[in-house]
Number of protein chains: 2
Amino acid sequence: MITVYLAEDQSMLNSALTQIIELEDDLTVVGSAKDGQAASAEIMRLKPDVAILDIEMPKQTGLDVADQIHQAQIETKVIILTTFAQKAYFERAVAASVSGYLLKDSPSDQLISAIRDVVQGLTRFDPELVINMVSAAHNPLTAREQSVLVEAVTGGTTHEISERLHLSDGTVRNYLSAIFSKLGVRGRLEAIQVAKENKWI
Amino acid sequence: MITVYLAEDQSMLNSALTQIIELEDDLTVVGSAKDGQAASAEIMRLKPDVAILDIEMPKQTGLDVADQIHQAQIETKVIILTTFAQKAYFERAVAASVSGYLLKDSPSDQLISAIRDVVQGLTRFDPELVINMVSAAHNPLTAREQSVLVEAVTGGTTHEISERLHLSDGTVRNYLSAIFSKLGVRGRLEAIQVAKENKWI
DNA sequence: AAATGGGTATGACAAATGTCATAACTTTGC
DNA sequence: GCAAAGTTATGACATTTGTCATACCCATTT
C-alpha cells in the first residue's frame with residue numbers, strides 16, 4: 001500500500017483529491033494539511049511514501065516543505081502540484097530534488113499515475129514546463145535594480161525608497177530610469193506591471 | 001437521477017469533482033466545460049437539473065452564464081463555486097437568482113449536499129458571505145472617478161488617460177487628486193493598490 | 001426656488017519624477 | 001592585470017504630477 005500525504009490549502013480540492021486517491025486500491029491518504037507548517041511537521045513524523053505539495057500555501061510554501069524533506073533525507077518522494085508553470089518555481093523544485101511537478105491544469109488521473117510512477121523511482125514533470133523553460137524571458141534587471149523596484153511597489157516617494165535602501169535620492173532615480181529603459185516602459189506603474197508579469201519581482 | 005453540469009476551468013478540480021459526484025448513486029455528471037461559452041451552450045441544450053459554475057473562467061464568467069440561464073428561464077438550478085467571498089460577485093449572483101453560492105474553501109461534501117438541496121428548491125449560501133456582506137467597506141469613488149482610476153492602471157501619462165476618456169488633462173488630474181484624498185493615499189500606485197484590495201476597480 | 005452633489009474645465013504653483021552626463025569605486029571574468 | 005559590469009553619487013534640466021481656487025452646467029433633493 002502506497003501512503004500519500006496531501007498538502008493543499010483549498011479545501012474543495014483537498015477533500016476531492018483525498019477521496020479519489022482513496023478510491024484506488026493500492027493508495028491511501030495518511031494525512032493532509034492546509035498550510036505548509038502543519039504539512040512539514042506531519043510529513044517528518046509520518047514519513048509517507050509520497051507527499052503532494054501545493055506551492056502557494058499559508059505560513060510556508062510547498063517549496064519550503066520540499067526543501068525540508070530533502071534536507072531531512074527521509075525517503076518520502078515529493079510531487080509539487082501547482083497552478084502555474086513558472087520557471088523560478090520549477091528551478092527551486094529541481095534544486096530540492098522533487099520527483100514530480102504537475103499543474104492543476106491537468107486531470108486528476110495524471111496525479112494518480114504520477115504517484116505510482118514516483119514511488120518506482122521515476123520522475124514526472126508536466127510537459128508544459130519544458131516549453132516555459134526555454135521560452136521564459138531572461139530577467140534583465142540587476143539585483144540592485146530589482147530591490148529598488150520591489151521597494152517602489154509599495155508606492156512611497158523616491159525619498160522614502162532611498163531611505164529604506166540607504167541610498168541617495170538621485171541613485172534611486174538613476175536605477176528607476178535604467179529599469180524603465182531596460183523594460184521599455186515609461187513609468188513605475190508600467191515597470192511594476194511588466195516585472196510582475198514576468199515574475200522578476 | 002439528478003443531472004449535473006460542471007463548469008470549472010481548472011482541470012484537476014474539474015475531473016476530481018466529476019469523479020466524486022459520480023460516486024453518488026443519485027447524481028450524474030452529464031457534461032463539463034473549461035470555459036463559460038462552452039458551458040453556456042451546453043447547458044441550454046442539455047438542461048441539467050443543476051449547473052455548478054466557477055466564476056473566473058475564460059471567455060465568459062460563471063456569472064455571465066448564470067445570467068443567461070436565468071434569462072432563458074430554463075429549470076436548471078445554479079450553484080456558484082468560487083474562491084473568494086466578494087460582495088460584488090455575490091450581489092450579481094443573487095440578481096441572477098442563483099440557488100447556491102459556495103466557496104472552494106469548503107470541503108467537497110458540502111457541494112454534494114448543496115446539489116441535493118437546490119434541486120429540492122432550497123438555497124445554500126456559504127456563511128462566510130454573510131460576514132463579508134456586512135463588513136465590506138463601501139466604495140467612496142464616483143463612477144467617473146472609478147473610470148479614471150481604471151485607465152490609470154494601464155500606466156500611461158495623464159495626457160494619455162485624458163485622451164482615452166475625452167477629458168482635459170487638468171480634469172484627469174483633478175479626479176486623481178480627489179481619489180487620492182478619498183482613499184487617503186499619496187499617488188496613483190497606492191490608489192490602485194487600495195482600490196484593487198477593496199475590489200472597487 | 002434654492003441647495004447639494006457630480007462632472008467638467010482653467011490657471012497657477014510647488015513638488016516629484018525621469019533623463020543625461022559624468023565619475024569614482026568594487027567585483028568578476030578572461 | 002585589464003576590461004566589463006555593477007553600485008553609488010552629483011548636478012542640471014525638462015516634464016509630469018499633485019494641489020488648490022474658482023467657475024459653469026446639470027440633475028436631484030429639499
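Only this structure's heavy atoms are used, side chains among them; waters, hydrogens and symmetry mates stay out. Chain letters run A, B, ... following the sequence lines, proteins first, then strands; residues in each count from 1.
We find that CD of A:Glu145 is positioned 11 Å from P of D:dT8, with the value rounded to whole Å. One can place CD of B:Glu190 at 13 Å from P of C:dA16, the figure rounded to the nearest angstrom. Counting to the nearest Å, the C1' atom of D:dG6 and the CG atom of A:Leu149 are 17 Å from each other. Look at NE2 on B:His166: it is 16 Å from C1' on C:dG7, rounded to the nearest Å. Put simply, CG on A:Asn174 is 9 Å from C1' on C:dT19, counting in whole angstrom units. For the pair A:Tyr175 OH and C:dT17 C1', the computed distance is 18 Å after rounding to whole Å. As rounded to whole Å, 16 Å separates atom P of D:dT15 from atom CD of B:Glu160. Rounding to whole angstrom units, NE2 of residue A:His159 and P of D:dT17 are separated by 22 Å.
Here B:Phe180 lies in heavy-atom contact (under 4.0 Å) with sugar-phosphate atoms only.
In terms of phosphate contacts, A:Thr171 brings a side-chain nitrogen or oxygen within less than 4.0 Å of OP1 or OP2 of D:dA9. Regarding contacts with the backbone of D:dG18, a side-chain N or O of B:Arg188 is found under 4.0 angstrom from either OP1 or OP2. Dashed line: the shortest gap from a side-chain N or O of B:Arg186 to OP1 or OP2 of D:dG18 is not under 4.0 Å. Distances shorter than 4.0 Å separate some side-chain N or O of A:Thr158 from OP1 or OP2 on C:dT17.
There is a side-chain donor-acceptor pair under 3.5 Å between B:Glu56 and B:Thr82.
Comparing C:dT17, D:dT8, C:dT10 by their nearest atom to the side chain of A:Thr157 picks out C:dT17. With D:dG18, C:dG7, D:dT10 as the choices, the nucleotide that has an atom nearest any side-chain atom of B:Ser177 turns out to be D:dG18. In the set D:dT7, C:dT10, C:dG18, the nucleotide with an atom closest to the side chain of B:Ser168 is C:dT10.
Salt bridge annotation for A:Arg186-B:Glu160: present, with a cationic side-chain nitrogen under 4.0 angstrom from a carboxylate oxygen. A salt bridge between A:Asp26 and A:Arg116 is present, with a side-chain N of the basic residue lying under 4.0 Å from a carboxylate O of the acidic one.
Side-chain atoms of A:Asn198 never come within 3.5 Å of backbone atoms of A:Ala195 as a donor-acceptor pair (strictly under, hydrogens ignored).
Comparing A:Lys182 and A:Asp169 by the nucleotide of DNA chain D whose heavy atom lies nearest to each, the residue mapping closer to the 5' end is A:Lys182.
The ring of A:Phe90 has its center closer than 6.0 angstrom to the ring center of A:Tyr101.
Contact of A:Arg173 with C:dG18 (side chain to base): a donor-acceptor pair of N or O atoms is detected under 3.5 Å.
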